[in-house]
Amino acid sequence: MNYERILTGKEKPLPIYKGVIAALESPLAFPDLLEPIYREAMNLDDESLDRFRFSLMRLQLWADIHRNEDLEKAMHIKYVAQVLEKVVFGSLVMEQGEPAAD
């Protein structure tokens with residue numbers, strides 16, 4: 001799977017993507033990679049941070065779209081993206097809330 005393509009979208013890759021890709025490729029390594037990814041994110045400028053957040057959103061969207069192909073992989077991708085977004089940014093842009101009452 002080309003995680004870099006999903007993370008990058010139509011932009012140039014950010015160096016932080018290497019750590020994210022490692023976490024996506026090795027679920028057991030994610031706990032050890034979380035802090036280094038966070039620390040690297042804290043050194044990004046505002047524009048790069050914004051791009052990083054959109055890359056995490058793209059991962060979540062990709063996981064939702066492809067969840068029927070490989071549910072376990074999709075769940076892992078979404079988990080990594082959401083944990084990183086919450087740790088780095090404090091919240092999720094695409095927070096799943098309660099359905100609206102009619």
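Basis for what follows: all heavy atoms, side chains included, without hydrogens, waters or symmetry-related copies. These numbers were taken from a predicted model, which means no experiment stands behind them.
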Spacing of Gln60 atom CD and Ser55 atom OG [to the nearest 0.5 Å]: 10.0 Å

Partner residues of Lys86 under the side chain to side chain contact (heavy atoms under 4.5 Å, CB included) criterion, sequence neighbours left out: Leu92

Reported CD-to-OG distance for the pair Glu11 and Ser48, which is rounded to 0.5 angstrom: 10.0 Å

Side chains of Ile6 and Met1 in contact at under 4.5 Å (non-hydrogen atoms): yes

Verify same cluster id: Met57, Val88 (apolar side-chain graph, 4.5 Å): no

Residue pairs, two or more places apart or on separate chains, that pass ring pair (Phe, Tyr, Trp, His ring centres under 6.0 Å) and touch residues 13-45: none

Gap between atom CG of Asp50 and atom CG of Leu44 - 0.5 Å precision: 11.0 Å

Atom CG of Asp45: over 12 foreign heavy atoms under 6.0 Å: yes

Heavy-atom side-chain proximity of Glu85 to Met94 below 4.5 angstrom: no

Minimal non-hydrogen separation, Leu33 against Pro36, with atom names: O-CD, 3.2 Å

Spatial distance of atom CG (Leu49) from atom CG (Asn43) [nearest 0.5 Å]: 9.5 Å

Sidechain N-carboxylate O distance under 4.0 Å for Arg39, Glu35: yes

hydrophobic_cluster_shared for Val80 and Met75, side chain cutoff 4.5 Å: no

Minimum side-chain heavy-atom gap Val93-Phe54 below 4.5 Å: no

Verdict with supporting geometry, Leu14 and Leu7, side chain to side chain contact (heavy atoms under 4.5 Å, CB included): CA-CA 9 Å; Leu14 295 171; Leu7 287 163; over 6 Å; no

Rounded distance [0.5 Å steps], CZ in Arg67 versus CD1 in Ile65: 9.5 Å

Closest heavy-atom pair and its distance - Ala74, Ala63: O-CB, 3.3 Å

Exercise: identify the closest heavy-atom pair between Leu59 and Ile77: O-CG2, 3.7 Å

Same apolar cluster: Leu84 and Met42, side chain cutoff 4.5 Å: yes

